[in-house]
Amino acid sequence: MWRKKLSTFCLAILLLLSACGGPEQETVELGYELTPLELPEGESIAAIERGLMVMRVRHPVQDGSRDYYNTYYAVPVDGGEKTEYPELEGLRLSNVHLDPEGRLWASYVREDAHVIVSRAPSGGLEEYTLQDFGFPEDAWLTTYQPDDYGRLGVCTFEEFRLIDLETMEVLHSEPTEQFVNLALDAHGELVLYSAAEGDSDVTRRGLRIWKPGGEELRFDENWGVFDGGGGYDLYLLPYSTEEQSVYGLDLETGEREELFDVLSLGLYRISLPCALDDGSFIFNGWTGSSESSSAWYRLYPAEAREVETLTLATLEPGAAAPAVSAFNQRSPDVKISLRDYSEIGIDALITEIGAGNMPDILDLTGLPAERYAAAGLLLDLYPLLDADPDIERGDLFPALLAALETDGHLYSIPTGYYLVAVCGNPETIALTEGLTLAEADAAVRAAGFGSLFWRQLSRDMALRYGLLLGNFADYDAGTARFTDGDFAELLEYAATLPEEAASAAEWPTELYEGGQAVCLTGIYTIEDFASLKVYLGGEVALTPLFSEQGRYVAELMGGYAITSACENTAAAWDFLRTYLGLEPRTRPYEDGLPLNIAAYESSIETP
């Protein structure tokens, strides 16, 4: 009884907080205008420095092979006369830089050794090896950069050296315990930076910045560092896609100023931001998570204007960011900002919700959705769906829609779903069709296999899927059949299974060697069938999880809800409805199969 009273009390508190409403609708000022850069076909940007773009032109070799060679030229960012670099034809250059005299610097690998090449404005090349700068024979170049004062900074895995290019004297050297990179501050002086700890994308933690021989400036965040200019000593960009904002840095005070948020521009992430003297930026940007969605953009300062901002709270910002960036790109007057709880955790999110600090849109992954719906914190989405001129209930799979309902109401929209199926060679699958889990296990053991799933299927997984497929409870009729033989058989079979499933690195060996007859697999796209053939080394067949009904299990992915605190439900619905439409899935493994019947049928059509 006390539990029921406590639950009622908690719901009453949540209802009271929701009645008080969430925070007032936020507005932000956008003072930039994003414009795509139109690059000629076959050309890419090798460097942007000193108001010039160094362009790399890729030419196919006319011999029927897939080989190519490169040519290079420079052009002012605002248009003008080209400077050709015929001496560089055929070289595959990296680390391209320009110094104040107009000299082009680059590096390439020749016979397993790095060569730094310098091309004067009047033409002609000079080449340097690491040994020219006094490094040992086994040294390996990691990066280099010229500064504005006739010096060249050179980094290997073991050492940094500052070289006077006129005298070739080593002006300064220091060991490099971690991978060190270089940038130019706004005064044209070299700055070194590296992770504060760790030396890989997985282990790196924090950031340290220092000038040769100077004191370090340290930050806890993982940042990329980019050349200064335009009023700031340097620019910072987080490595994480969960929080993509560009900051200006004052090296003397260590203060950072956020300049623009990438998601508000309608981009998923950016790289290589370059600040120009007119206050604009050029960078490579992505509208989605695939590499094919990248393009170059120029961001111009513009008159600030207020736009409405909706907040989306999530524990998985990386999964939400592509859809948020797509919404922000097409919506000029309303933007969505992410409230990221991935690091501080689900307890912090639940606490804020309990305190009435509700977002406009809530990712329900891992949250007590039914409790929040019962407390009135979530909106019923059916009125918004029924009022939508382009999508209706009949466009969506009825079984999936019914699975999302709570007492006839729709409180969330998943990004999609995937099908859980049993996969194996056709002969083995034929042995198991129409059988229960226990019967199928006995059949494959009789055929000489060690077991049905080995340790890929855990005890709780078998019980969950068995309860889903066994029709043991009829919620509409209020009846159950947990005392008959089928349920007892399920319990007996589950008791033979391990408490924890084997990892994806373990069970394939058992499958190949015959200890495991079939495997569980998730089907996200039609391409998965071809992948399974390669993975299993031959023809494959699929069957539903074992039950008398022969039904597949659909695992819903994610779930976005509109909260009662949201004042602009039309804009919030405009975001959610993208998961119900006909748009093709560019991220099938992140978003799953579409709920829209026509979109699903289109996705499984073979070319």
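The first residue of the sequence shown is numbered 1, and numbering continues consecutively from there. None of these values were measured; they are calculated from a predicted model.
- At a threshold of 4.5 Å between non-hydrogen side-chain atoms, the residues P273 and L237 count as touching.
- A 6.0 Å sphere centred on CD of E439 holds more than 12 heavy atoms belonging to other residues, nucleotides or ligands.
- The pair K335-D261 fails the salt-bridge criterion, with no side-chain N (NZ, NE, NH1 or NH2) lying under 4.0 Å from an Asp/Glu carboxylate O.
- For Y235, the ring-ring contact (aromatic ring centres under 6.0 Å, His included) criterion is met by Y232, F281, not counting sequence neighbours.
- At least one side-chain heavy atom of V422 sits under 4.5 Å from a side-chain heavy atom of F453.
- For the pair D363 (side chain) and A313 (backbone), a donor-acceptor distance under 3.5 Å is absent.
- S271 places a side-chain heavy atom less than 4.5 Å from the side chain of W286.
- The two residues I270 and L267 come nearest to each other via the heavy atoms CG2-CD1, 3.8 Å.
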Compile the donor-acceptor pairs under 3.5 Å between side chains in residues 392-405 and protein atoms, sequence neighbours left out, one pair per line.
{"residue": "R393", "atom": "NE", "partner": "D386", "partner atom": "OD1", "Å": "3.0"}
{"residue": "R393", "atom": "NH2", "partner": "D386", "partner atom": "OD2", "Å": "2.8"}
{"residue": "D395", "atom": "OD2", "partner": "E392", "partner atom": "N", "Å": "3.0"}
{"residue": "E405", "atom": "OE2", "partner": "Y382", "partner atom": "OH", "Å": "2.5"}

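- Across N596 and G581, no two heavy atoms sit closer than the pair CB-O, 3.5 Å.
- Looking at heavy atoms from C-beta onward, L364 lies out of side-chain contact with Y411 at the 4.5 angstrom threshold.
- Residues forming a side chain to side chain contact (heavy atoms under 4.5 Å, CB included) with L511 (at least two apart in sequence, or on another chain): W507, Q516, C519, L536.
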